[in-house]
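Following: one structure in structure tokens, then a few remarks.
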Amino acid sequence: MSKQKKTSVLLITLVASLGGFLFGFDMAVISGVLPLVQKQFALSASQEGWFVSSALVGCIIGVALSGELSDRFGRKKPLILTAVLFVASAMGCALMPNLSGVIAFRVLGGIGIGIASNVVPLYISEIAPANIRGRLVTYYQFALTLGILVAYLSNAALLNGVSTQHTVTTVSSIFNQEVWRGMLGMGVLPAVLFLFGLLLIPESPRWLIQKGRTAEGALIISSITGQTLPEIQQEQLKTENNSAKSSYKELFAPAMRKALLIGILLPLFSQFSGINAIIYYGPRILGNAGISLSNSLISQIIFGLANMIFTLFAIWKVDSWGRRPLYLYGTAGAAISLILTGICFYFNATSSIWLLVCVLAFLACFACSIGPLKFVVASEIFPGAIRGRALAISIMVMWVADTIVGQITPVLLNQIGSAGTFWFFAFFCVVAFIVVYKLLPETKGKSLEQIESDWKEDTDKPVFFH
């Protein structure tokens, strides 16, 4: 592939990855919003959990719709809908006069996130050349971590009164009297950028081929990779056209059961690793350790920066080391780090540098393996004709698990304390290591068509292990 074509693929990937940025921003911004809302409205633990999880309920709705939308209307149109929902949500959260209205718009934004969390990695996997597919899909996770970091930075800046000089009543209310509204409203800027960027990128060529629009799909492939129609592998076109006749029942066929199990368990374990407990409730956990809100937000910025930096390691190694080794190293390291973090809280060593080191070690392990690879693997292992619906099932599990984590974390913190909470999540990382060791195949360097064919060739043992 020429340098110009690589640049074209990269630019398309970066535009699509803005959906991941908005995903991360919305997920992390709540960490700064929550203490302020809790104080203003005197929320109980269950109300606090609902405020966090309301957007996650929207995510479940969004991802439930995303499979049908993406398989019927293509990948691009649902992404445009997502961008519109992001814009509406950010504006509504900033302007709605009561908390119920804010929660309603949080649900609306969650629907957008749910659609994006499925369609973005799906779209990237279908436009990416096989030899760099893992790297390009991981850019989505990198954009997500960048969104988390930007949310932490904007939260800290607004909390420190960067915008207190505004004199217009509405703006003053958003950025001064009720700073949390400004924190939520900042998402409108990347959402508008995402919307305009989507107007410039092509439809997924694989989806076009599935729908019988072979020449149109081949033209896009040619513009991205430089291949002409005669050079495009006939096996690929045959696989895509034949699989267009498939249905959901193919996903539950014996040959695909292990793929479905993997697609369900990896996102489940990613949420029960404890990452979102740190993202959502970081200031509260650090507050329990005696750290002030402003200092805890600074710590969150450090966590967010580490999360982003270590995702670069996954981008670097996912296509050379492969998915399986990264996952094994990551789950083992995450379990050890969480156990040590719990020990720090248990022995009240919260003012020690070791607490920060342990949390950073966990973030490093998560960011270079558990976080990005659930998207990479899930976007690769399902049949082409139902890839959108199948990936939606996988992402649905992620959001359901995320909702559960959002609800139970404040309860766990109250009932078993910070130490017990981290050990609870460490247990799931240990289970994840065992499952990954037993089930996860290697898919690096294989075309999506070859992966699909490999599953079908052997119903007892996936040929990835050969």
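These values consider heavy atoms only, across backbone and side chains, with no hydrogens, waters or symmetry-generated copies.
- Contact between G62 and I115 at its shortest, heavy atoms only, is O-CG1, 3.4 Å.
- A distance of 11.0 Å separates SG in C365 from CG in L326, rounded to the nearest 0.5 Å.
- S117 and F23 get closest at one heavy-atom pair: CB-CE1, 4.0 Å.
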Problem - Chi angles and distances behind the ring-ring contact (aromatic ring centres under 6.0 Å, His included) call for W354, F347 - result: CA-CA 12 Å; W354 291 111; F347 288 104; over 10 Å; no

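- Proximity of L328 to F433: side-chain heavy atoms (C-beta onward) are separated by under 4.5 Å at one or more points.
- Contact check for I124 versus S17: side-chain heavy atoms found under the 4.5 Å cut-off.
- A distance of 10.0 Å separates CG in N348 from OG in S418, rounded to the nearest 0.5 Å.
- In this structure, I370 and Y327 approach most closely via the heavy-atom pair O-OH, 3.7 Å.
- Using a 4.5 Å cut-off on side-chain heavy atoms (C-beta onward), S70 and L122 make contact.
- Between the CG atom of L108 and the OG atom of S54 there is a distance of 11.5 Å, given to the nearest 0.5 Å.
- Across V29 and M183, no two heavy atoms sit closer than the pair CG2-O, 3.3 Å.
- In this structure, R324 is not positioned above the aromatic face of Y329 in the sense of NZ or CZ being under 6.0 Å from the six-membered ring centre and within 45° of the axis.
- Counting heavy atoms from C-beta outward, L136 and V9 have side chains that approach closer than 4.5 Å.
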Problem - Full working for side chain to side chain contact (heavy atoms under 4.5 Å, CB included) between L158 and M186 - result: CA-CA 10 Å; L158 290 172; M186 291 297 291; 4.1 Å; yes

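- For M96, the CE atom is densely surrounded, since the number of other residues' heavy atoms within 6.0 Å is greater than 12.
- For K317 (side chain) and A314 (main-chain N/O), no donor-acceptor pair under 3.5 Å exists by modelled atom type.
- In summary, the aromatic rings of F313 and W321 are positioned with their centroids under 6.0 Å apart.
- Here F21 contributes atom CZ and D26 contributes atom CG; the two are 11.5 Å apart, rounded to the nearest 0.5 Å.
- Nearest heavy-atom pair across F425 and F272 is CD2-O, 3.3 Å.
- Note that OG of S273 and CG of L268 are 10.5 Å apart. Values are rounded to the nearest 0.5 Å.
- The side chain to side chain contact (heavy atoms under 4.5 Å, CB included) with L305 is formed by just one residue from the set I148, L149, L363, L146; it is L149.
- Using cut-offs of 30° and 60° for the angle between ring planes, the F41 and W180 rings count as perpendicular.
- When atom types are taken as modelled, the side chain of S89 and the backbone of F86 share no donor-acceptor pair closer than 3.5 angstrom.
- The heavy-atom pair separating G19 from V120 by the smallest distance is CA-CG2, 4.2 Å.
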Exercise for the section: Before giving the answer on side chain to side chain contact (heavy atoms under 4.5 Å, CB included), spell out for I416 and W423 the whole-Å C-alpha distance, their side-chain angles and the decisive distance to 0.1 Å. Expected result: CA-CA 10 Å; I416 63 176; W423 290 336; over 6 Å; no

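- A salt bridge is absent between D319 and R133: the closest approach of a Lys/Arg side-chain nitrogen to an acidic carboxylate oxygen does not fall below 4.0 angstrom.
- Between F428 and F424, the two ring planes are perpendicular [angle over 60°; tilted spans 30° to 60°].
- Atoms OG1 and CD1, on T13 and I127 in that order, are 4.0 Å from each other to the nearest 0.5 Å.
- The shortest side-chain heavy-atom distance between I113 and L85 does not fall under the 4.5 Å cut-off.
- You'll find the side chain of F345 stays beyond 4.5 Å of the side chain of T421, heavy atoms only.
- Contact check for C429 versus F269: no side-chain heavy atoms found under the 4.5 Å cut-off.
- A distance-only check finds a donor-acceptor pair linking the side chain of K76 to the backbone of I201 [under 3.5 Å].
- The closest side-chain heavy-atom distance from L184 to R106 is below 4.5 Å.
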Practice task
List the steps and the verdict of side chain to side chain contact (heavy atoms under 4.5 Å, CB included) for T145 and F310.
Solution key: CA-CA 10 Å; T145 62; F310 287 113; over 6 Å; no

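- The backbone N or O of V376 lies less than 3.5 Å from no partner atom in the side chain of R323, so there is not a single donor-acceptor pair.
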Exercise for the section: Could you walk me through whether F194 and T82 pass side chain to side chain contact (heavy atoms under 4.5 Å, CB included), step by step? Expected result: CA-CA 9 Å; F194 183 41; T82 292; 4.2 Å; yes

